[in-house]
*Asks:* 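Please find one structure pasted underneath; my questions will follow.
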Amino acid sequence: MTIEATARAHPNMALVKYWGKRDEQLMLPSTGSLSMTLDEFPTTTTVRLRTDGGPDVLELNGVVAGGDAAARVTRFLDLVRERAGSEARAIVRSRNEVPTGAGLASSASGFAALATAASAVYELPQDTTSRSRLARRGSGSACRSIIDRMAVWHAGTDDESSYAERIDAPELAMVVVVLDSGRKKVSSREAMRLTAATSPFAAAWRESTARTLEDMLAACREGDVTRIGELAEVNALRMHAVIQSTSPSVRYLSGRSLDVFDGIESLRADGIGVWGTADAGPNVVAITRPADAAAVAEALTSHGEVRVVRPGPGARLLEDPADAVPAATAGSEAR
Ligand code: 2P0
């Protein structure tokens, strides 16, 4: 029996956004979504089964974590244990290589890596679709980080039918413009609830996103980068519009974010194919062709730190024991 496994996963950036759940318990989204898995900022997670009867422990970047983060991991492991018919607790050691303040969500890479490592040690099915379904239960967008390069998450109607799958798409690059590394005031999960409960535009958002996903899938099939960029930008700004329309209003984009969108628009006026997107925070990501990425990065560098990213690998096990995340050193308990 294996008692330890290590997996690595990368964040993903949605071109058609997931914003809303139809079932919070099963983590079924209200619409499908589509994303590019990135080749930077990996999370590496080692899961070790306990043989001493102790409780689940989460170590994040070398520090023992408590609170919500640890509770969320334990809830996830409870689901894994239920499926595996196991009572074994685990030590989970996770390391994020997001440079301080890249502002990219780590819950997608985190739960994709955890689902992959946990499936190995608890002897659950390890095929891509099973791991994608499982990762979804930890964090919705994590089901897409199981997949390499470009993924569509089928909304589905039950646990079985809601998972992400690889699609073919033209080669893209993204330029991440980091404006603010602080923690967001309202979590995505909370703001999604607020959107469903209070926005008069929530139904319109769901309907338009379902249509946009169909158009995006067609644009990917046709290799039409211009159409992909246009659809992604409009979808992102519609998501921010519906988020702002909550009561109380939640606003993730800052004045500086809008300056970057203006910068992207003026690059387009100069003939460069570039479009903007942003997740639940102020940082803006420019979508472009690989050949234009350096010029776009150069042009946007006055706004903040820029990083060029490309399509990356799906979540996978690392076989070399040297890749295991080391134990936290004594005395590093989180205060
Ligand atoms: C996305 N986001 O499609 C969208 C765009 C943020 C904005 O998925 O509640 O961390 O754990 O399922 O996946 C962020 O939400 O939320 C997200 P939960 P998650 O990437």
Side-chain angles (χ1 to χ4, degrees), residues 9-38 41 43 68-69 71-73 75-76 79 96 98 103-115 132-147 150-156 159 162-164 174 176 183-197 205-206 208-210 212-213 216 231-244 246 250-253 257 276-285 287 309 315:
H10 292 72
N12 65 75
M13 181 57 53
L15 300 173
V16 178
K17 306 291 189 188
Y18 149 53
W19 194 260
K21 298 177 179 68
R22 61 181 276 174
D23 185 326
E24 275 219 30
Q25 179 68 29
L26 290 177
M27 301 285 275
L28 303 178
S30 47
T31 59
S33 55
L34 185 145
S35 61
M36 185 177 104
T37 300
L38 311 185
F41 320 130
T43 298
D68 287 350
R72 212 164 143 184
V73 165
R75 272 201 307 279
F76 182 79
L79 174 72
N96 284 320
V98 184
L104 288 165
S106 55
S107 73
S109 53
F111 278 100
L114 178 58
S132 179
R133 286 189 196 106
L134 179 62
R136 188 194 82 236
R137 301 292 292 271
S139 187
S141 53
C143 75
R144 300 186 311 231
S145 276
I146 296 292
I147 311 298
M150 200 71 97
V152 60
W153 174 8
H154 304 291
D159 186 61
S162 188
Y163 60 89
M174 293 184 178
V176 181
R183 261 188 97 76
K184 51 193 174 218
K185 287 185 219 81
V186 185
S187 72
S188 296
R189 199 168 284 190
E190 201 48 49
M192 280 186 206
R193 284 188 194 125
L194 196 61
T195 303
W205 157 254
R206 289 193 294 271
S208 97
T209 300
T212 301
L213 180 59
M216 184 66 87
L231 288 165
E233 184 173 290
V234 169
N235 181 255
L237 292 173
R238 282 181 183 162
M239 180 188 77
H240 285 280
V242 77
I243 294 171
Q244 286 183 61
T246 55
V250 176
R251 193 161 47 80
Y252 287 122
L253 298 180
S257 314
T277 186
D279 278 349
N283 302 320
V284 177
V285 175
I287 302 158
V309 295

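In listed order, ligands and their atoms are each counted from 1.
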*Asks:* Number the atoms of ligand 1 from 1 as they appear, then name those within less than 4.0 Å of a heavy atom of K17, with their elements.
*Replies:*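 Heavy-atom distances to K17 below 4.0 Å select 3 (O), 5 (C).
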*Asks:* Show me which atoms of ligand 1 lie under 4.0 Å from any heavy atom of A280.
*Replies:*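 Answer for ligand 1: 7 (C).
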*Asks:* Numbering the atoms of ligand 1 from 1, which are under 4.0 Å from a heavy atom of S188?
*Replies:*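 Here the atoms of ligand 1 in question are 14 (C), 15 (O).
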*Asks:* Quick one: which ligand 1 atoms are inside 4.0 Å of a heavy atom on R189?
*Replies:*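 With R189 as reference, the close atoms of ligand 1 come out as 9 (O), 11 (O), 18 (P).
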*Asks:* Compute the ring centroids of Y18 and W153, then answer whether they are less than 6.0 Å apart.
*Replies:*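 For Y18 and W153, the ring centres are under 6.0 Å apart.
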*Asks:* Inspect the contact between E24 and R189 and indicate whether a charged nitrogen and a carboxylate oxygen are less than 4.0 angstrom apart.
*Replies:*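 Answer for the salt bridge query: no.
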*Asks:* If you count the atoms of ligand 1 from 1 in the order shown, which ones are under 4.0 Å from a heavy atom of A14?
*Replies:*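 Those atoms are 1 (C), 3 (O), 20 (O).
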*Asks:* Is there a side chain to side chain donor-acceptor pair (under 3.5 Å) between N96 and T43? Walk through the geometry before answering.
*Replies:* CA-CA 4 Å; N96 284 320; T43 298; 2.5 Å; yes
*Asks:* Nearest 0.5 Å, please: how far is NZ in K21 from OG1 in T195?
*Replies:*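 T195 OG1 to K21 NZ: 10.0 Å, rounded to 0.5 Å.
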*Asks:* What do you reckon, does S107 put a non-hydrogen atom under 4.0 Å from ligand 1?
*Replies:*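 The answer is yes, since S107 has a heavy atom less than 4.0 Å from ligand 1.
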*Asks:* Taking the minimum heavy-atom distance to atom 15 (O) of ligand 1, which of H240, M192, R72 ranks first?
*Replies:*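 Among H240, M192, R72, the closest heavy atom to atom 15 (O) of ligand 1 comes from M192.
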*Asks:* Should M239 be listed as contacting ligand 1, given a heavy-atom distance under 4.0 Å as the test?
*Replies:*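 True for this residue.
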*Asks:* Show your working on side-chain contact (heavy atoms from CB on, under 4.5 Å) between R136 and L28 and close with a plain yes or no.
*Replies:* CA-CA 8 Å; R136 188 194 82 236; L28 303 178; 3.9 Å; yes
*Asks:* Which one holds for S139 and ligand 1: side chain close, backbone close, both close, or neither close, with close meaning a heavy atom under 4.0 Å?
*Replies:*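 Answer for S139: both.
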*Asks:* For ligand 1, which atoms have a heavy atom of K21 less than 4.0 angstrom away?
*Replies:*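 By the 4.0 Å cutoff, the relevant atoms are 9 (O), 12 (O), 18 (P).
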*Asks:* Do R144 and S33 get their side chains close enough for a donor-acceptor pair, meaning under 3.5 Å?
*Replies:*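 Per modelled atom types, R144 and S33 side chains form a pair under 3.5 Å.
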